[in-house]
Amino acid sequence: MDVTKACESRFSCRKYKADDVGNGLIEQCIECARIAPSALNKQPWKFYVTRGELKARIAKETQLFGANGFTDEAPVLVVVTVRPKIADKLADKIKHQDFSSIDLGIAVQSFCLKATELGLGTCIIGWVQAKNVDKILGTAIGERTRLIISVGYPACEQPPRRRKAVEEIATYLS
Ligand SMILES: Cc1cc2nc3c(=O)[nH]c(=O)nc-3n(C[C@H](O)[C@H](O)[C@H](O)COP(=O)(O)O)c2cc1C
């Protein structure tokens, strides 16, 4: 699958078949995330692949106010954490940027595009009670849950895409 096709075919999948996704496939997605670019090549991310009982507990932490019920059905939840160093936080302040979040987003999209190529459905989940997930995982000091990716075989079709027109988002300056 070429890059354009992967970008076009990826969608937020919120209905999954019960079939598990083997670690061999998850590893291929993590490999694409692993080689993603990051500010100063810091690679501030970690990926925790969860299934079963642990996954069920994490799913509950995405469901505040009735959201994200589909995480109960997704066979795999991948928790993505960042652990920026103090020097990196200082750089963020000076530059008025949040580089680790930018890094994380790029890596997560690489993961999702590879999953698409492999015929898997994904949904990036930001509505997460992150501190609770940190506790469940026992993350290191300074390491924070930022996003969760649900992964599974899609049990739904890709819906029509709603996007702004290119004229609204792109300006060509000469
Ligand atoms: C940072 C981020 C957080 C998101 N959080 C959630 C979420 O908590 N629950 C959910 O169902 N979708 C979530 N989404 C998916 C978006 O709703 C989705 O990408 C958007 O509506 C466009 O649809 P598409 O992914 O199918 O193209 C999130 C996406 C991003 C990038």
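In listed order, ligands and their atoms are each counted from 1.
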Identify the closest protein heavy atom to atom 21 (O) of ligand 1: which residue and atom is it, and at what distance?
R14 NH2, 4.4 Å
For ligand 1, which atoms sit closer than 4.0 Å to a heavy atom of G126?
3 (C), 4 (C), 5 (N), 6 (C), 7 (C), 8 (O)
Of all the atoms in ligand 1, which lie at a distance below 4.0 Å from a heavy atom belonging to W127?
8 (O)
With a 4.0 Å cut-off, would you call K89 and D98 a salt bridge?
no
Straight-line distance of R10 CZ to R161 CZ, nearest 0.5 Å
5.5 Å
What I want to know is whether I124 and ligand 1 share at least one N or O pair that is separated by under 3.5 angstrom.
yes
Should you measure from each heavy atom of F11, which atoms of ligand 1 turn up under 4.0 Å away?
26 (O)
When you look for heavy atoms under 4.0 Å from ligand 1, do you find them on the side chain of N68, its backbone, both, or neither?
side chain
Of T139, T81, D134, which is the lone residue that meets side chain to side chain donor-acceptor pair (under 3.5 Å) with T145?
D134
Answer yes or no for R162: is there a heavy-atom contact with ligand 1 below 4.0 Å?
no
Protein contact to atom 1 (C) of ligand 1 [nearest heavy atom, distance to 0.1 Å]:
L147 CD2, 3.9 Å
Roughly how far, to the nearest 0.5 Å, is the CD1 atom of I35 from the CD atom of Q43?
11.0 Å
Will you find, in the side chains of T71 and S150, an N or O donor that is under 3.5 Å from an N or O acceptor?
no
S12, C13, C7: member with heavy atom nearest to atom 19 (O) of ligand 1
S12
Flag yes if more than 12 heavy atoms outside R83 fall under 6.0 Å of its CZ atom; otherwise flag no.
yes
Can you name the nearest heavy-atom pair linking S110 to A36, along with the distance?
OG-CB, 4.1 Å
Would F70 count as a polar contact of ligand 1, with the cut-off being nitrogen or oxygen pairs under 3.5 Å?
no
Salt bridge flag under 4.0 Å for residues K42 and D88
yes
So, for atom 13 (C) of ligand 1, does the protein have a heavy atom nearer than 4.0 Å?
yes
Between Q158 and S9, do the side chains contain an N or O donor and an N or O acceptor separated by less than 3.5 Å?
no
Could you establish whether R163 and ligand 1 come within less than 4.0 Å of each other, counting only heavy atoms on the residue side?
yes
Please could you name the atoms of ligand 1 that C123 approaches to less than 4.0 Å, counting only its heavy atoms?
10 (C), 11 (O), 12 (N)
If we number the atoms of ligand 1 from 1 as shown, the ones under 4.0 Å from a heavy atom of R161 are 27 (O)
